[in-house]
Amino acid sequence: MKIYKIIIALLLPFVGFAQQKDAVKMMADKSTSVVVYAMKHPMHDWEGVCKEVNSVLVIDKTSRAIEQVVVSLKVETFDSGNSNRDSHALEVLEGLKFPKVTFVSSKIVTNANNVTVDGNLTFHGVTKPITITVKRQDQSDKVTIDGKFDVLLTDYKIERPSLLGVKTEDLVSMKFRLQFTLK
């Protein structure tokens with residue numbers, strides 16, 4: 001019994017230190033969080049949406065500073081409103097081989113309601129660093145993050161889709177709204 005007391009006494013300072021960190025993880029509200037993507041083709045432009053946004057935000061409870069953000073989207077949940085286009089996109093994106101698009105922050109700098117987030121975007125099995133500037137809105141129990149950024153398909157080794165032998169533009173415009181509820 002004495003050995004257990006010694007072990008507890010040795011570990012207690014570390015447990016106390018871990019609890020001093022006043023951070024909380026918040027999950028994105030799937031009913032209000034969304035990622036929208038837009039592409040262009042010489043014959044037409046279109047937008048699609050992903051409403052299955054899995055995201056975690058870590059904030060300091062006291063200062064409410066964002067410490068970490070992680071976002072994960074399943075490629076199969078992208079919906080352009082055209083099932084033929086979506087099935088072709090799933091094929092081009094090799095959705096079975098690369099089922100997710102993920103973003104993991106590495107550095108976050110806040111200036112009033114503007115937040116600059118550096119991190120790594122993994123798309124089609126390729127990971128590249130990106131910087132995203134977002135607007136943050138706080139309510140008493142919610143944090144909402146709105147932002148946009150562009151992705152070049154060729155940067156992620158994705159063959160540009162084509163219609164009637166004509167390829168889409170390389171640029172995909174992304175915009176998002178992530179809403180988190182503080183518990």
Side-chain angles (χ1 to χ4, degrees), residues 1-38 47-79 98-152 155-156 172-183:
M1 187 66 158
K2 188 174 184 180
I3 190 76
Y4 292 116
K5 288 181 181 179
I6 293 171
I7 292 172
I8 290 172
L10 290 173
L11 293 177
L12 198 55
F14 297 107
V15 172
F17 178 75
Q19 291 175 343
Q20 286 177 356
K21 181 123 174 98
D22 201 15
V24 63
K25 289 182 184 179
M26 302 185 326
M27 301 298 292
D29 181 344
K30 288 189 178 189
S31 68
T32 58
S33 297
V34 66
V35 175
V36 177
Y37 59 95
E47 280 192 352
V49 66
C50 177
K51 294 182 181 179
E52 289 289 322
V53 180
N54 295 301
S55 182
V56 176
L57 183 73
V58 178
I59 68 167
D60 182 285
K61 272 186 173 178
T62 306
S63 68
R64 292 186 66 128
I66 299 173
E67 297 180 350
Q68 179 80 39
V69 63
V70 176
V71 180
S72 178
L73 310 171
K74 291 182 182 176
V75 174
E76 68 185 21
T77 64
F78 292 5
D79 182 8
F98 307 109
K100 293 183 181 177
V101 177
T102 60
F103 174 79
V104 178
S105 66
S106 57
K107 179 181 174 185
I108 299 172
V109 178
T110 301
N111 183 4
N113 288 339
N114 294 320
V115 182
T116 302
V117 183
D118 293 332
N120 290 307
L121 178 67
T122 301
F123 188 21
H124 195 247
V126 176
T127 301
K128 297 186 86 43
I130 65 168
T131 299
I132 304 169
T133 301
V134 301
K135 295 269 188 214
R136 174 182 173 167
Q137 299 170 336
D138 284 17
Q139 296 169 328
S140 61
D141 64 339
K142 291 184 183 181
V143 175
T144 302
I145 299 173
D146 291 295
K148 60 184 176 178
F149 62 98
D150 294 328
V151 172
L152 295 176
D155 282 351
Y156 294 89
V172 179
S173 297
M174 309 288 290
K175 60 184 176 181
F176 57 89
R177 169 168 275 202
L178 305 176
Q179 192 165 67
F180 303 87
T181 303
L182 194 58
K183 303 279 180 187

Do you know which two heavy atoms are closest between V71 and S55, and how far apart they sit?
CG2-OG, 3.5 Å
Would you tell me whether E52 and T77 have side-chain atoms, one donor and one acceptor, within less than 3.5 Å of each other?
no
Checking T122 side chain against V101 main chain: does a donor-acceptor pair fall under 3.5 Å?
no
So, does S106 use its side chain to make a donor-acceptor pair with the main chain of D118 at under 3.5 Å?
yes
Between S105 and Q68, is there a side-chain donor-acceptor contact under 3.5 Å, judged purely by atom types and distance?
yes
Could you give the distance from CD (E76) to SG (C50), rounded to the nearest 0.5 Å?
10.0 Å
If I compare all heavy atoms of F180 with all of M26, which pair ends up nearest, and what's the gap?
CB-CE, 3.3 Å
So, using ring pair (Phe, Tyr, Trp, His ring centres under 6.0 Å) as the criterion, who are the partners of F149 when residues are at least two apart?
none
Can you measure from CD1 (I132) to CG (L121) and round to the nearest 0.5 angstrom?
7.0 Å
Residues forming a ring pair (Phe, Tyr, Trp, His ring centres under 6.0 Å) with F123, sequence neighbours excluded:
Y156
Tell me the closest heavy-atom pair linking R64 and V143, and the distance in Å.
NH2-CG2, 3.5 Å
Of all pairs that satisfy ring pair (Phe, Tyr, Trp, His ring centres under 6.0 Å), the ones with a partner from residues 128-148, not counting sequence neighbours:
none
